[in-house]
Amino acid sequence: MNENKVFYVLELQTYGDGTGSAIPSTYPTLREAESKFYQILSFAALSTVYRHGAVLMTEEGFTMKQEVFTHPMEQTEAE
């Protein structure tokens with residue numbers, strides 16, 4: 001039986017036009033995955049992306065941590 005674990009980190013971005021992306025990465029240890037999770041959040045806190053955040057999951061799909069920053073959308077003169 002393989003005792004190696006895989007941890008998944010998803011970077012989530014939702015744009016003002018309703019489109020979005022999820023950027024996955026994998027890590028062999030929880031500490032490495034947590035490092036990436038918090039790195040994403042440090043960028044997301046200052047981002048201009050409408051919703052920007054991260055999810056840390058186990059290989060079984062259990063969500064260990066998640067956080068998303070929502071930023072005000074810039075309004076144009078037409079709005």
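We're numbering straight along the sequence, starting at 1.
A continuous path of ILVMFWY side-chain contacts below 4.5 Å connects I40 to M64, so both sit in one hydrophobic cluster. Note on L56: it does not cluster hydrophobically with V68, by side-chain heavy-atom contacts below 4.5 Å among ILVMFWY residues. Cluster membership for F62 and L30, using ILVMFWY side-chain heavy atoms within less than 4.5 angstrom, is shared.
Remark: side-chain polar atoms of E59 are paired, donor with acceptor, to backbone N or O of V6 under 3.5 angstrom. Between the side chain of S47 and the main chain of V49, a donor-acceptor pair closer than 3.5 Å is present. Not a single donor-acceptor pair under 3.5 Å links the side chain of H52 to the backbone N or O of H71.
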**Asked** Given the rule in the side chain to side chain contact (heavy atoms under 4.5 Å, CB included) test, do R51 and Y15 qualify, once you have shown the distances and angles that lead to the verdict?
**Response** CA-CA 7 Å; R51 285 207 173 101; Y15 308 104; over 6 Å; no
**Request:** Please report the C-alpha distance between E32 and S35 in whole Å, then the side-chain angles of each, then the deciding distance to 0.1 Å, and finally whether the side-chain hydrogen bond (donor to acceptor under 3.5 Å, both in side chains) criterion is met.
**Result:** CA-CA 5 Å; E32 290 173 280; S35 176; over 6 Å; no
**Message:** Please determine whether side chain to side chain contact (heavy atoms under 4.5 Å, CB included) holds for the pair L12 and V55, giving the CA-CA distance in whole Å, both sets of side-chain angles, and the decisive distance to 0.1 Å.
**Reply:** CA-CA 8 Å; L12 306 173; V55 179; 3.6 Å; yes
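Between the OG1 atom in T26 and the CG atom in L10 there is a gap of 11.0 Å [rounded to 0.5 Å]. For the atom pair NZ of K65 and CG of L41, the computed distance is 9.5 Å after rounding to the nearest 0.5 Å.
In this structure, a donor-acceptor pair under 3.5 Å is absent between the side chains of K5 and Y27.
The two residues F37 and A54 come nearest to each other via the heavy atoms CE1-O, 3.4 Å. Considering all non-hydrogen atoms of both residues, G53 and A44 come closest at N-CB, 4.3 Å.
Salt-bridge check for E11 with K36: failed, with every basic side-chain N at 4.0 Å or more from each acidic carboxylate O.
Residues M57 and Q66 have side chains not in contact (no heavy-atom distance under 4.5 Å, counting atoms from C-beta outward). Side chains of Q13 and Y50 form no contact here, defined as non-hydrogen atoms less than 4.5 Å apart.
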